[in-house]
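First up is the structure itself, then whatever we jot down about it.
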Amino acid sequence: MKKSLIVAALAGAMALGCAATTLAGSADGMKIALVGKSAGNAFFEIAADAFVEAAEAEGATVDVVYPETATADAQIKVLDNLISQKPDAICISANDVNALQAKLEEAMEEGIAVSSFDSAPNPDSRQVFVNQAGTKAVGQALIDAVLDLTGGEGQWAILSATSQAANQNAWIAAMEEIAEGDEYAGLELVEVAYGDDEPQKSTDQTQVLLDNYPDLKVIVAPTTVGIAAAAKLLQDQGSVVKLTGLGLPSEMVEYTGADDAHSCPYFYLWDMQGLGKLSALTTIALVNGDITGALDETFTAGDLGDYTITEADDGGTEVVLGLPFEFNEENVEEMAKLY
Ligand code: RAM
């Protein structure tokens, strides 16, 4: 991303963090369930805090629920329980693109509004998806980082979350598609490893990549759990392998730097508070009938501004929050105060 864009985006994020909510009262008495991919992941805690704050400011109550494991089966159990409680809406980050369809359709048939955030279940399983930063934009940023950090050629590997994760698989597909272009012809993707968004498994899988590919130049981890685990291992070992991906500044501060003492020169994420807030206000708009999730509908998400529902890469609909942000040694400490 161009530096000017990054600066503008960051300034926007800081400003949004301070601005007041303007829609107060639009969700009086509304009950919303927010379902993350797994417990114990700071990413979901940060998003949930912003979601709850925005929804409560409108008068809604939010039940934040995590499945026992980062699997579709565990989320189906959660959904079964939620459907019997009949909330007004469920907003979910999906552990699998197709496996939740029957349950989420059942919820919609029961009159429960279904939105998704972060990780989209397939188009039939949702009314609308809140996409943090366009899927192609994330794929482009990550593959360009690989190109840069390899010096244009050589072996790279991916350390992902679970093999079924809808969002990681969408970003990986976007990276692979872009990498077919001539500019990326010198790159060789050797493996996609899965750390299941568990710190220990992510560390172990990073070690396996190092052991199996002595010529490996770059690991890209499109998961905040994976990148933090890999960053520590590579830095502790003084490895020459460089790391990039999607991370939380607060978990990456000590590993971020352009010199050899740091494992990660730069990485990406998006406006986390904005993601929670936009997800809450989109969900409230669905329940209120301001939108149905159809293409080209527009709505005002409080002080975040006006949004238009657009076509997602999977053929369903989405609301895109904004652009991916780059974090590097110049801004990581400041941004770590936010998330
Ligand atoms: C992990 C989760 C989440 C993803 C981030 C980047 O925390 O897999 O779904 O969006 O990484």
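Order of listing sets the numbers, starting from 1, for every ligand and every atom in it.
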**OP:** Determine, considering heavy atoms only, which of Asp197, Leu269, Leu275 sits nearest to atom 2 (C) of ligand 1.
**Re:** Asp197
Subject >> Nearest-0.5 Å distance, CD1 of residue Ile227 to CE of residue Met252 >> reply: 4.0 Å
Original post:
For ligand 1, is any non-hydrogen atom under 4.0 Å from Asp118's backbone (N, CA, C, O), its side chain (CB onward), both, or neither?
Top reply: side chain
Original post:
Judging by distance only, is a nitrogen or oxygen of Trp171 under 3.5 angstrom from one on ligand 1?
Top reply: no
**OP:** Check ligand 1 against Gln168 and write out every atom of the ligand that is under 4.0 Å from a heavy-atom position of the residue.
**Re:** 2 (C), 4 (C), 8 (O), 11 (O)
Subject >> Ligand-side contact atoms (ligand 1) for residue partner Asn41, heavy atom cut-off under 4.0 Å >> reply: 1 (C), 2 (C), 7 (O)
Original post:
Would Ser26 and Glu58 count as a side chain to side chain donor-acceptor pair (under 3.5 Å) if you check the C-alpha gap in whole Å, the side-chain angles of each, and the deciding distance to 0.1 Å?
Top reply: CA-CA 5 Å; Ser26 71; Glu58 300 303 320; 2.9 Å; yes
Subject >> ligand 1 N/O within reach of Trp270 N/O, cut-off under 3.5 Å >> reply: no
Original post:
Taking the minimum heavy-atom distance to atom 11 (O) of ligand 1, which of Val138, Thr162, Ile46, Thr224 ranks first?
Top reply: Thr224
Original post:
Which atoms of ligand 1 have any heavy atom of Asn167 under 4.0 Å away?
Top reply: 3 (C), 4 (C), 9 (O), 10 (O)
Original post:
Quick one: CD on Gln164 to OG on Ser119, what's the gap to the nearest 0.5 Å?
Top reply: 11.0 Å
**OP:** Could you state whether Leu104 and Leu82 fall into the same hydrophobic cluster, counting links through intermediate Ile, Leu, Val, Met, Phe, Trp or Tyr residues with side-chain heavy atoms under 4.5 angstrom apart?
**Re:** yes
**OP:** Start with the C-alpha gap between Glu311 and Thr317, add the side-chain angles, then the distance that decides, and say whether side chain to side chain donor-acceptor pair (under 3.5 Å) holds.
**Re:** CA-CA 5 Å; Glu311 187 172 354; Thr317 62; over 6 Å; no
Original post:
Among side-chain atoms of Thr308 and Thr298, is any donor-acceptor pair under 3.5 angstrom?
Top reply: no
